[in-house]
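Written below as structure tokens is the structure these notes are about.
Side-chain atoms are counted along with the backbone in the values below, which use heavy atoms only and exclude waters and symmetry mates.
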Amino acid sequence: NQDFTYIYFHNPYINPAVSYLVGVDSIGVVSFLKLMPGTSLTNILKYQIEVDQSSNCIAASVYYDSLNMNLFKYDMNGNVMWNSMIGMGSLSTITSASNNDIYLSGYKTFDSLCVKKLTHTGILLWEYSYKNMHALWTWPGNLIVANDGSIFIGGMAIDTLTGNSTTSLLTLLQLQNNGIQMNEYVISVPKFEYSPFMKLNIDAKNNAYILGYWNNSISSNPSYATT
């Protein structure tokens, strides 16, 4: 909303660590300051927000040592419209559709990438899991809803599909809007030793593009795949 801004920030340097959601109006006046529930880890995947078409904010937080994230929906006055324990350990993306339905991507357990779709009132419509990814090291990036309603999701993870200890998998998935898998593209890349980077985007014709980068002792060259 051009007249209102949501800011979500985390302070990991106090004990316990805390997260805040702030609402700021068009002239810079703070409308509300909310302490988010939970005392979370510093992992960036723990903190995601999205603003829907009605200018409401969807924000997530997690408790320390918990794999169950809290998802909250706030209005522009900072009032909680609803909250839900979504059964996921981390989120990489919260996306709101034109009808305010909510799409989530991240991991549910340490061995599967997960995508969920919720109504604007927080009711779960469907859930999809992709078990061939060791999600502890997965960076599922940029869930995108295409103009035909299909869903693209990319990820990069240690190879649990073949058990090969020297490779990782750069993966692109396309789902129907009911959560049924349509397409899968997987390319093997050198196993990364540090946090990988991947980026996903699509064009007007629903062609998808992913870029993956890793840093290890075998290779530091970037790899890309398109479908």
Q | With sequence neighbours excluded, residues passing side-chain hydrogen bond (donor to acceptor under 3.5 Å, both in side chains) with Asn147 | A | Asn206

Q: State whether the side chain of Tyr8 and the backbone N or O of Ala60 hold a donor-acceptor pair below 3.5 Å, judged by distance alone.
A: yes

Q: Kindly work out whether a path of hydrophobic side-chain contacts (I/L/V/M/F/W/Y, heavy atoms less than 4.5 Å apart) joins Tyr185 to Met182.
A: no

Q. Under a 4.5 Å side-chain heavy-atom rule over Ile, Leu, Val, Met, Phe, Trp and Tyr, are Ile94 and Ile123 clustered together?
A. no

(Q) Hydrophobic cluster membership, with links at side-chain heavy-atom distances under 4.5 Å among I/L/V/M/F/W/Y: are Met36 and Val80 in one? (A) yes

Q) Given side chains that start at C-beta, do those of Trp126 and Val115 come closer than 4.5 Å, heavy atoms only? A) yes

Q) Quick one: do Phe4 and Val29 end up in the same hydrophobic cluster if we chain Ile, Leu, Val, Met, Phe, Trp and Tyr together by side-chain heavy atoms under 4.5 Å apart? A) no

Q) Would a distance-only check, ignoring hydrogens and angles, find a side-chain to backbone donor-acceptor pair under 3.5 Å from Tyr6 to Ser55? A) yes

Q. Is there a donor-acceptor pair closer than 3.5 Å between any side-chain N or O of Ser54 and the backbone N or O of Asn56?
A. no

Side-chain donor-acceptor contacts of residues 71-78 below 3.5 Å, not counting sequence neighbours, with atom names and distances?
unit_1, atom_1, unit_2, atom_2, d
Lys73, NZ, Asp52, OD2, 3.2
Lys73, NZ, His120, O, 3.0
Asp75, OD1, Asn77, N, 2.9
Asp75, OD1, Gly78, N, 3.1
Asp75, OD1, Asn79, N, 2.9
Asp75, OD2, Asn79, ND2, 3.2

Q. Which residues satisfy the side-chain hydrogen bond (donor to acceptor under 3.5 Å, both in side chains) test with Ser31, sequence neighbours excluded?
A. none

Q: Answer yes if the side chains of Glu50 and Ser96 hold a donor-acceptor pair under 3.5 Å, and no otherwise.
A: no

Q. Per the side chain to side chain contact (heavy atoms under 4.5 Å, CB included) rule, which among Ile144, Leu173, Asn177, Asn178 passes with Ile151?
A. Asn177

Q) Would Ile58 end up clustered with Met81 when hydrophobic side chains under 4.5 Å apart are linked, directly or stepwise? A) yes

